[in-house]
Amino acid sequence: MKGTWKAAIALLLLLILLPLTLLLTLTHWVPTLAGIWLPAGTRIAIEKSPRITRNSVRVPELRYLVGDCQLAEVHDLELSHPSRWRVHVGQLDMNSTCLSKLPETTPTPGAPRSLAEWQSMLPNSWLTIDQLRLSPWDKWQGKLAISLTPSMQTLTYDGDAVHLQANMKGQQLTVSRFEAKVQADEPPIKLVGQFTMPLVPDGLPVSGHAVTTFQVPNPAALVDAELEWHENQGQLVMMERGNTEPLLDLPWELTRERLTISDGRWNWPWQDGVPLSGRVGLKIDNWQQGIDKMQISGRLNVLTQGDAGKGNAVLTIGPGTLSMDQSAMPLQLTGEAKYDDLVLYAILPAQLSGPLTDPKLSFAPGSLLRSRGRIIDSLNIDEIRWPLAGVHVSSQGIDGRLQAILRAHEQEMGDFVLHLDGQANNFLPDKGSWRWHYWGDGHFTPMQARWDMKGNGEWRDSSIVLNSLSTGFDKLQYGTMNVSQPRLVLEKPIHWIRNEQHPSLTGALSLDAGETQFSGGSVLPPSTLKFSVDGRDPTWFQFKGDLHAADIGPIRLSGRWDGERLRGEAWWPKQSLTVFQPLVPPDWKMNLRDGTLYAQVAFSAAAGQGFEAGGHGVLKGGSAWMPDNQFNGVDFVLPFRFSEGTWELGTRGPVSLRIGEIVNQVTASNFTADLQGSYPWDERNPLMLSDVNVDVLGGKLSMLQLRMPQHDPALLRVQNISSSELISAVNPKQFTMSGPVSGALPLWLNNEKWIIKDGWLTNPGPMTLRIDKDTADAVVEDNMVAGVAINWLRYMEISHSWTKINLDNLGLLTLKSNVTGISRVDGKSSTVNLNYTHEENVFDLWRSLRFGDNLQAWLEQNAVLPDPRCRAGKDCKEQE
């Protein structure tokens, strides 16, 4: 009896402990047991023990591996049976690269063969996956829900970028909703359709019909697509809404061994200026054996048409394979493309290798891309060459030697040749490295010059460094200017650090030039502009530097560039006017003796604005001497602003010119003039010259205001000019004169006929006129009649004179004078009224200044005999 109890107790303990032991060791025996049904080479790994509750079994983590490659990883799997079997997965991550490593399987005897048999075996169940992610296409992750019964299967998939609803009853598959958002800013692609599945589920549907509408992003256009097939043939057609020409027409045929697309057509009418079209053919052998064993070959041609004619380029594909592990696909692009006046030629044999998730394109020997034609109206590309042999392109970047040669010419600017050569090492912007050097030369026709350039640099990760730069001209000759050997070089390498948190741009340059010669003998000494840059990047930096030419300067420059506008200031500190002596042509025989100059200018430039500047310049105490002239005590203040091709003069007070003394044949002093307004001027923005005054010849010349454009004459006033000082300056030997002259000369600058109209001169006080004795005697000797009259003019006291002056714009001066005075000859006096009319071209007069000869000739021709009573010795009250 005692042994029986022991056996019963042991059996009870075994029934209790065995399930408990099996439960606690699930992580060890379940993967081993599952391996009996899994394909060879695959296994399940469970690292955390499952938990069994009253209503469900929960597995925290489960991994499915193909060899050492993890095909799937399941998190938070729960199996329950509320009303039907329910499998709920929190997260399922699948690695597509492991699919190619799954071994081939052979169907086992007794396994279901038809679709109906498979459906009949389906349990009533639900499968939900809260987050399904298929690497590397993480964009399409979402939530999957499947409902299964033998009679109907339903699938719903919802993600941020894709939505799908479909169900299948027997052989009929209906897609009631499919939306895929391919681009973030564009409407999603939508598709609906019905399909008849094959009886044996080992191929594509035997027939079907699907339609979709989507929008082409640029330009926005609606496209309708229709896919229809029956048995092993079908056709895909895409049409732009409202257009009868298909965008894509692909007839296809499918057998167990091959998918063939034959004589397909495509058309892309939206490419700016270059509508593209062509044909396409494709063959895929062994398509059912997986992507790794597919043999793909095909041909795609592209037709273009431009001003240079028609172009045809052909892309030959394969035969080769595309694999998730190691692709081997030959490619070759051959032909030409034409766009407007530009022609592009290509001979590009290449090999596509590596896994499809990270392919690599390698260009074979002989790969060359060339172009010629016209990019813009004025620039003609004679040839551009891009040799690409040995260049590799992958997700890691570009690797190999990068070269380019450009030959071009511009009708007015000249021709040039540029070379670029460098080595790239897994280069992408801000990743890898690219070392390069460049050189070139050409002609600059407008300035009859040759130029050259050379330099080198490197782009390594986020740093771009320009190590050397030297570019310049042998000369610059334009109009009256000839600059000798200007050249721009680096004083300090330019470093551009493209760092998002701490970007920087630093460097220094120097622009040097030899002598600048001007016609007439002016010479600017060799000049140098040195400046540095410091900023964030080429779109935002500050600069500062200075410009000097021998003793001229330095002119200090500073400013900034913000990517849209250049702003800056130039400051010219005070220095002696004598430093500008080299700029004075030797033929002028001008000696700069004294004075100081300083200036300050602010400027800005932008694409829509152009160049603008404003500031002021000041000349103090200037003095310049010439053999016949002296200018002393010159003060000049020039406040200005320049914008949109217009100078605004006198922005903060008028432009002011003051000259203390002008020494010539006539010495003038206290010259003043103010200028304010716009140049070029118009009605809304006139130019005003005002307060013009000068002391000369013992009197004064003044003009209150001259406005341009001119509607009224500017009145030039003559106040008490000494005729004796004027005669002394002109120094005629035939006569002398003394006494003041005043008047007014209405001045026109833009009148269609007149320069001076209705001007007048008069004497505000007594004047005297004395004819030189030799001149008078010569007239008496040559002309007896004129000689009698001239005796009365040998000495005359003028009490009143009035002269009317007109000067037309051809230079014809007309004087009409009326002179009243008393002639005193040989102790006798006589009242004389003298009417004088004179015409002469002042342009010729400036060249001769023969006042005395003109007066003598006039007297000989126009003198009138006195009254006979006066000749008899009688007193005459008046004589005309």
Side-chain angles (χ1 to χ4, degrees), residues 479-483 515-527 547-555 570-601 615-640 647 649-650 653-676 679 689-703 706 716 721 725-726 728-731 846-847 849:
T480 62
M481 179 185 69
N482 190 330
V483 184
E515 286 188 347
T516 301
Q517 298 179 350
F518 302 91
S519 63
S522 298
V523 176
L524 177 68
S527 59
L547 168 68
H548 61 85
D551 294 333
I552 300 176
I555 303 172
W571 177 50
W572 195 333
K574 184 182 292 187
Q575 68 177 135
S576 173
L577 185 65
T578 58
V579 300
F580 294 98
Q581 188 65 53
L583 290 174
V584 179
D587 293 346
W588 289 12
K589 298 179 181 180
M590 177 186 289
N591 184 21
L592 302 179
R593 298 175 57 89
D594 202 358
T596 58
L597 174 73
Y598 62 92
Q600 187 171 358
V601 177
H616 67 276
V618 177
L619 171 64
K620 287 286 188 180
S623 178
W625 287 18
M626 301 174 69
D628 299 323
N629 304 281
Q630 294 181 22
F631 299 87
N632 298 316
V634 179
D635 292 338
F636 181 61
V637 180
L638 175 63
F640 74 93
W647 294 88
L649 304 175
V655 177
S656 172
L657 176 62
R658 304 290 185 265
I659 303 177
E661 183 182 46
I662 304 173
V663 180
N664 201 318
Q665 283 183 292
V666 175
T667 298
S669 60
N670 301 324
F671 178 86
T672 65
D674 293 334
L675 185 66
Q676 195 166 20
Y679 182 83
L689 177 65
S690 60
D691 295 330
V692 178
N693 296 280
V694 62
D695 296 336
V696 63
L697 299 173
K700 187 173 185 179
L701 295 178
S702 64
M703 183 173 65
L706 170 63
L716 179 62
I721 296 295
E725 293 188 26
L726 176 61
S728 297
V730 178
N731 194 26
W846 305 147
R847 292 188 288 270
L849 295 179

May I have all residue pairs that pass salt bridge (Lys or Arg N to Asp or Glu O under 4.0 Å) and include part of residues 667-676, sequence neighbours excluded? R658-D674

CG/L577 to CG/L597 distance, rounded to the nearest 0.5 angstrom? 7.0 Å

What closest approach, in Å, do A668 and V694 show between heavy atoms, and which atom pair accounts for it? CB-CG2, 3.6 Å

Do S623 and V634 have side chains that approach each other closer than 4.5 Å (heavy atoms only, starting at C-beta)? no

Between D635 and G621, which heavy-atom pair has the shortest distance, and what is it? OD1-N, 2.8 Å

Just do the side chain to side chain contact (heavy atoms under 4.5 Å, CB included) check on I659 and F636 with the steps written out, would you? CA-CA 8 Å; I659 303 177; F636 181 61; over 6 Å; no

Determine the interplanar angle of the F640 and W647 rings, folded into 0 to 90°, and report it as parallel if under 30°, tilted if 30 to 60°, perpendicular if over 60°. tilted

Using atom types as modelled and distance alone, determine if a side-chain donor or acceptor of S522 lies under 3.5 Å from a backbone N or O of L583. yes

Would M626 and K589 count as a side chain to side chain contact (heavy atoms under 4.5 Å, CB included) if you check the C-alpha gap in whole Å, the side-chain angles of each, and the deciding distance to 0.1 Å? CA-CA 6 Å; M626 301 174 69; K589 298 179 181 180; 5.7 Å; no

Side-chain donor/acceptor of E661 to backbone N/O of N632, under 3.5 Å: no

Gap between atom CH2 of W571 and atom CD of Q600 - 0.5 Å precision: 8.0 Å

Side chain to side chain contact (heavy atoms under 4.5 Å, CB included) assessment of V696 paired with I721: CA-CA 7 Å; V696 63; I721 296 295; 4.1 Å; yes

First locate atom CG of L524, then atom OG1 of T516, and finally report the distance between them rounded to the nearest 0.5 Å. 4.5 Å

Between D594 (side chain only) and G622 (backbone N and O only), is there a donor and an acceptor less than 3.5 Å apart? no

K700 and N670, any side-chain heavy atoms less than 4.5 Å apart: no

CG of D691 to CG of L657, rounded to nearest 0.5 Å, is 12.5 Å

Which heavy atom in S527 sits nearest to a heavy atom in A549, and how many Å separate them? CB-CB, 3.8 Å

Tell me if the CG atom of N664 is crowded by more than 12 foreign heavy atoms within 6.0 Å. yes

Under the side chain to side chain contact (heavy atoms under 4.5 Å, CB included) criterion, do L638 and L649 qualify, and how do the steps go? CA-CA 7 Å; L638 175 63; L649 304 175; 4.3 Å; yes

Might you point out which heavy atoms bring G650 and Q676 nearest each other, and give the distance in Å? O-NE2, 2.9 Å

Where is the tightest heavy-atom contact between P526 and E515, given as atom of each residue plus distance? CD-CG, 3.8 Å

Return the NZ to OG1 distance between K620 and T596, rounded to the nearest 0.5 Å. 8.0 Å

Applying side chain to side chain donor-acceptor pair (under 3.5 Å) as the test, list every pair that has at least one member in residues 572-586; sequence neighbours left out. W572-Q575, S576-T578

Partners of S702 by side chain to side chain donor-acceptor pair (under 3.5 Å), sequence neighbours excluded? Q719

Contact summary for I662 and F671, nearest pair of heavy atoms: CD1-CB, 4.5 Å

